[in-house]
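Heads up: the structure comes next, in structure tokens.
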Amino acid sequence: MVLTGSSLQMEWLLWNQAKKVKLKKGTYTVSLSDCKYRDLVNCELLSELPLHAPNVNKFSESMLQKPWKNDFRFSGKSLSLPLQTYRDSETGKTDKNIKASHSVQQILEMINLPRRYCRFYFMTLRGCERSKCWFWHVPKRGHEKICMAILKTYISINESGLLKRAVQIFARYYREVTPGENFDFQVLNDLLICLLKKCLLQEVFQMLNVTAQINTLPALEVLLRVFECVASLNVRDAVPTLISSFCKLVDAGMFLEYEHFNYIIKLLHQLQVSSQEIDTVLNIKCRFQEMHFKSNWLFDFNLVMAEIQHCKEKNDWAKLGALYVNARTACEHSDDLQKLSLCITEILTKDSEKDRPGVPFCDFADAVIKNSQCNEADRIFIGRAGISVMNSYRRVLQWIKGRKVLDKLQELQIHFTVLKGLTGSERLASRCQIVNTAAEIFLETESLDGATRVLRESEWITNAALWPCSESDIISRHNLLFSLMHKYLRQSCYRQAFEVLQNLPGFQNGCDTVDVSQYSHVFNKLLNACFESKNLGVLSSAVDFMLSKNIAVDFFLLRGLITGLGRSCLWSKARTYYKTALSLGCYPPLEGNLRHKILPIPFYVSEVEMLLAIELFLVSNASDIQSPGATTQSFQIVLKRCEDQAVKNSSDYQAGRERLILAARLSDPKLFLRHMTVNVNMEEVYSLELTSALKWLKENMKWAGKVWLFQ
């Protein structure tokens, strides 16, 4: 209900003409000499508030007072308001008011309050009447969503007492708390509009002052409506407070166009205010004009920031991307551009705190990169913002959204691994840490190729002069690569697993402090997987790498490699690894036995290993075998049993004897062995048939001498 200036004056007359107001047994009795404003009285009854003198609050809604002391909703009794000037027909209106109050109470009781909140204060029209209440009358810090829900409920009821209480709640809560993610600008604007419709000007000014203090400004349209309301009511006493609030809002960053200033000045002239008050507004207008001429960008920056908030509220990320490019193009000051970039990045990272589909960063990045004005600086910004957004999703374990960010960066061909984040700890993060985070996200989404690609693009870097990292980063990389290697092994991707192991911390130039000998177990696990799958290529490469880094190789797997190479007719490689195995102590020493023309061969070795041992034996004794007196000499081969214990299963030893015969036959030309005897250790002794040995030396000595004697 909006009253004109003349109506307000009539209300004063009505009040002064009241003959008596007396209290009888908790009931107000009002005698009026004129029943012209009975509809006004009935309106006040509907709002559950009795009439009072306007001088109590000269900016408030006319004729408002505290709620009834004994509220009928809680006493269970009906409310009786005998008005001497009312006819009996007013009883029906009172009954409607009672029903309306019950409906309001039902709405209030639907508010879902946590524990420790005062339910009388928040959920009743009367409010809390305790002198000292142990329960909260202000929402707790961090309960901004609850605060907004309470304000929305009060606004929907649109009752004057509740609207005043909403102002108190808003002011007391944001006196201690900065507006956060759940702050709703629409609630702020709606509350101000409701207060204006109720003519609660004092509460309106209180709200405007609070919003200026917290730099959370209402819509410009609302501010203009405040001036309109004061002008329509012709409340000149409110003008100083209105001008003061207006100045605070302007200082807080509210932007007005010239036509807005002209409209405000027109309304002030309508109120016939003093020239000093008009000059205050004119001075602000002149200040805006000077700022426009000195730095046109300041206007643009304010407009951009306001538009950014609009895009955020509407979830219009593509428009936000276009807005960024246009603002960056027009920006002349690096500080403003930095503020703009940080603001947008923080908005994009805040999405990790919400459980909603879609990734705002992807739409934003597409809009920026695909803009015709996009340049390399924009690509760098997208990369740095992507790092911050990626980390925000990782912190809350939203792996799928983090993966979408990485996929978008890959799609746009932005090499983010050489960049740093824009906000939070990512601004100081090492390159190792950034790569670790990206690879972890790929791993958690079962993209092994994606994780490996990121690591390759960063050249598997950990610590370097230009990119120093901490010990925790090294440990994280160590654990990450172990997990990646095990996943590759489960998928039988042995070469990829080997690539991962080759780049463990310690194998780069900047990680000399890491002891690589600790990796023996995991490397041998790879060797075993390759051995079981007969993948000799990766197996031999891994053994070569281990030997070059002095990492211990499991002898059983090394012998398996030698056997596999021989059976695949890769004899040259088999001989190389056999010589290495001899030097590592994989087989019993031969030097002393060779001088005595005796070749001990363990029964458990394969036919390939036996043949290689016989080749070495032949080359080592070549001069004796080829001498004229060789016919009087014996070159023996002893099939040795285990030294630590006798072979319990005779079939195992018998299988070893068969392998020895097979080894002789595999030779080219073939060698012949003659069984001589069984020695005291129950070991079979064979002699090498001299003619076959001479023939073998004649055909193979040229290459065999180089292999076994000189390499």
Side-chain angles (χ1 to χ4, degrees), residues 432 435-436 439-440 442-444 446-462 474-509 511-568 570 572-587 605-606 608-609:
C432 179
V435 173
N436 288 348
E440 182 185 10
F442 277 117
L443 272 185
E444 292 294 337
E446 299 301 321
S447 177
L448 306 187
D449 292 339
T452 305
R453 174 176 49 77
V454 170
L455 291 163
R456 285 195 194 114
E457 288 177 356
S458 67
E459 300 176 340
W460 305 85
I461 191 172
T462 50
I474 297 295
I475 295 174
S476 298
R477 175 63 61 85
H478 174 278
N479 296 334
L480 172 70
L481 296 187
F482 267 45
S483 299
L484 182 58
M485 187 276 297
H486 285 104
K487 287 180 179 291
Y488 271 132
L489 285 185
R490 284 194 290 270
Q491 296 183 10
S492 300
C493 299
Y494 304 116
R495 189 161 296 281
Q496 291 87 338
F498 176 49
E499 180 186 8
V500 171
L501 292 184
Q502 283 179 289
N503 291 283
L504 283 167
F507 296 135
Q508 290 84 16
N509 295 332
C511 293
D512 296 334
T513 58
V514 179
D515 182 13
V516 298
S517 62
Q518 62 179 311
Y519 300 141
S520 175
H521 173 73
V522 67
F523 268 93
N524 282 303
K525 187 171 184 178
L526 171 64
L527 296 184
N528 185 65
C530 294
F531 173 75
E532 292 178 353
S533 63
K534 299 181 180 179
N535 192 324
L536 298 178
V538 178
L539 180 58
S540 60
S541 298
V543 169
D544 290 340
F545 184 84
M546 293 173 69
L547 295 174
S548 67
K549 301 297 182 180
N550 294 321
I551 300 175
V553 181
D554 189 310
F555 285 166
F556 175 80
L557 299 174
L558 181 56
R559 290 180 46 234
L561 173 61
I562 295 169
T563 301
L565 292 171
R567 290 175 179 173
S568 301
L570 300 173
S572 178
K573 288 188 175 182
R575 293 183 181 99
T576 301
Y577 288 113
Y578 183 80
K579 291 170 63 177
T580 301
L582 281 174
S583 64
L584 294 174
C586 183
Y587 302 102
V605 301
S606 66
V608 173
E609 295 165 284

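Residues take their numbers from the sequence shown, with the count starting at 1. Only heavy atoms go into these numbers, but all of them, side chains included; no hydrogens, no water, no symmetry mates.
The aromatic rings of Tyr578 and Tyr587 sit tilted, their planes meeting at an angle between 30° and 60°.
Between the CZ atom in Arg575 and the CG atom in Leu570 there is a gap of 11.0 Å [rounded to 0.5 Å]. One distance of note links OG1 of Thr462 with CD1 of Ile474; it measures 4.0 Å at 0.5 Å rounding. Rounded to the nearest 0.5 angstrom, Phe482 CZ and Leu501 CG are separated by 7.5 Å. One finds the CG atom of Leu484 at 10.5 Å from the CZ atom of Arg477 (value rounded to the nearest 0.5 Å). Atom CD1 of residue Ile475 and atom CG of residue Asn479 lie 7.5 Å apart, to the nearest 0.5 angstrom. Atoms CG and CZ, from Asp554 and Arg559 in turn, are 10.0 Å apart once rounded to the nearest 0.5 Å.
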Set out, in order, the CA-CA distance, both residues' side-chain angles and the distance that settles side chain to side chain contact (heavy atoms under 4.5 Å, CB included) for Trp460 and Leu504, then state yes or no.
CA-CA 8 Å; Trp460 305 85; Leu504 283 167; over 6 Å; no
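In plain terms, the two heavy atoms of Ser606 and Arg567 that are nearest each other are CB-NH2, 4.2 Å. Considering all non-hydrogen atoms of both residues, Gly566 and Ala574 come closest at N-CB, 4.0 Å. Residues Ile562 and Ala581 approach most closely at CD1-CB, 4.0 Å, considering heavy atoms. Between Thr563 and Val608, the shortest heavy-atom contact is O-CG2, 3.7 Å. The two atoms that bring Leu526 and Tyr494 nearest to each other are CD1-O, 3.9 Å, heavy atoms only. Here the closest heavy-atom approach between residue Phe507 and residue Gln502 is recorded as CD1-O, 3.2 Å.
Residues Ser492 and Asn535 are not in side-chain contact: their nearest non-hydrogen atoms beyond the backbone lie 4.5 Å or more apart. In this structure, Leu536 and Lys573 have side chains that are not in contact, with every pair of non-hydrogen atoms separated by 4.5 Å or more. You'll find the side chain of Leu455 reaches within 4.5 Å of the side chain of Leu481, heavy atoms only. Leu443 is listed as a side-chain neighbour of Leu480, based on a closest heavy-atom distance under 4.5 Å. Residues Ser548 and Asp544 have side chains not in contact (no heavy-atom distance under 4.5 Å, counting atoms from C-beta outward). A heavy-atom distance below 4.5 Å is not found between the side chains of Gln496 and Thr452. Using a 4.5 Å cut-off on side-chain heavy atoms (C-beta onward), Val553 and Leu561 make no contact.
Phe545 and Tyr519 have their aromatic ring centers separated by at least 6.0 angstrom.
Of the possible polar contacts, none joining the Asn528 side chain to the Asn524 backbone as a donor-acceptor pair under 3.5 Å is found. Within the 3.5 Å criterion, the main-chain N or O of Cys530 finds a donor-acceptor partner in the side chain of Ser533. Without hydrogens or angle criteria, Ser520 side chain to Ser517 main chain gives no donor-acceptor distance under 3.5 Å.
A salt bridge between Glu457 and Arg453 is present, with a side-chain N of the basic residue lying under 4.0 Å from a carboxylate O of the acidic one.
Between the side chains of Glu499 and Tyr488, no donor-acceptor pair is found at a separation under 3.5 Å.
Shown here is Gln518, whose CD atom has more than 12 heavy atoms of other residues, nucleotides or ligands within 6.0 Å. At most 12 heavy atoms of other shown residues, nucleotides or ligands fall within 6.0 angstrom of atom CZ in Phe556.
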